[in-house]
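Comments concern the structure below.
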Protein chains: 2
Amino acid sequence: MKRRVTVEQAFGAVLRELRTGTGKTQETVALDAGLDRTFISMLERGLRQPTLETVLSLSRALGVTASKIVEKVETLLGN
Amino acid sequence: MKRRVTVEQAFGAVLRELRTGTGKTQETVALDAGLDRTFISMLERGLRQPTLETVLSLSRALGVTASKIVEKVETLLGN
DNA sequence: CTGTAGACTTCTGTCGACC
DNA sequence: GGGTCGACAGAAGTCTACA
């Protein structure tokens, strides 16, 4: 009974983990993904949610597949 | 040279394929996913794009993982 | 059962600025 | 390098209704 993690929070955690793993800055990822730096910040903090297209853009910027990202999110959500 | 398919179109095709595979109607899927029937219609026709939360809701309604859905989308997009 | 249309609400995503 | 704020355009998602 301890699963109070939202989709936003789970995705944010995965995004931050993957980004820091590559040693990239939020700004670099934003540029590579064609997104705004402030939006990456909000995503990592679990304040916003991505669309499917955004997940795909981020996956390319991070050098992983989008399905792998979603898989990690599902794990955090308890799947 | 196979980047003519948009994310919307790829997702719509995957969604329709999975839904018809279960024999469910758009209305049933909508109810199970907690979404609107007209929105499912637009998603399948590639006129709209889902957020990550919507992909997760639909995956539960369809009895597959969200990562599997995204994997199929990536395949259609040429990954 | 599905497509479409309009009107509407909420949220994604951008941008400039400042800390 | 990252957090935050406010203003904004556009898209996600709902609902009623009719073909």
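Each chain gets a letter, A, B and so on, in the order its sequence line appears, and its residues count up from 1. All values reported here derive from a predicted model rather than from experimental measurement. As a basis for the values below, the full set of heavy atoms in this structure was taken, side chains included, without hydrogen atoms, waters or symmetry mates.
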Q. Rounded to the nearest Å, what distance is computed from the CG atom of residue Leu47(B) to the C1' atom of nucleotide dG10(D)?
A. 16 Å
(Q) Base contacts versus sugar-phosphate-only contacts with protein, heavy atoms under 4.0 Å: please encode nucleotides 13-19 of chain C as B, S and - from 5' to 3'. (A) BBBB---
Q: Answer yes or no: does a side-chain N or O of Arg45(B) lie under 4.0 Å from OP1 or OP2 of dT4(C)?
A: yes
Q. Should Thr51(A) and Thr54(A) be marked as a side chain to side chain donor-acceptor pair (under 3.5 Å) after you check the CA-CA gap, both sets of side-chain angles, and the distance that decides it?
A. CA-CA 5 Å; Thr51(A) 59; Thr54(A) 298; 3.1 Å; yes
Q.
Tell me the interatomic distance from Glu44(B), atom CD, to dT2(C), atom P, rounded to whole angstroms.
A. 7 Å
Q. What is the distance from CD of Gln26(A) to C1' of dG2(D), rounded to the nearest Å?
A. 6 Å
Q) Does Arg45(B) come within less than 4.0 Å of Glu8(B), counting only side-chain N to carboxylate O? A) no
Q) Across all strands, who's sitting opposite dA17(D) as a Watson-Crick or G-U wobble pair, both distances under 3.5 Å? A) dT4(C)
Q.
Whether the side chain of Arg48(A) engages the backbone of Leu43(A) through a donor-acceptor N/O pair (distance < 3.5 Å, no angle test) should be reported.
A. no
Q) Under 3.5 Å, is there a donor-acceptor pair between the Ser67(B) and Glu74(A) side chains? A) yes
Q: Please report, rounded to the nearest Å, how far the C1' atom of dT2(C) is from the CZ atom of Arg19(B).
A: 8 Å
(Q) Is the shortest side-chain heavy-atom distance between Glu17(B) and Lys72(B) below 4.5 Å? (A) yes
Q: Could you tell me whether the side chains of Thr25(A) and Thr28(A) share a donor-acceptor contact shorter than 3.5 Å?
A: yes
Q: Could you tell me the separation between the CD1 atom of Ile40(B) and the P atom of dG13(D), rounded to a whole number of Å?
A: 10 Å
Q) For Ser41(B) and dG3(C), is the shortest distance between a side-chain N/O and OP1 or OP2 below 4.0 Å? A) yes
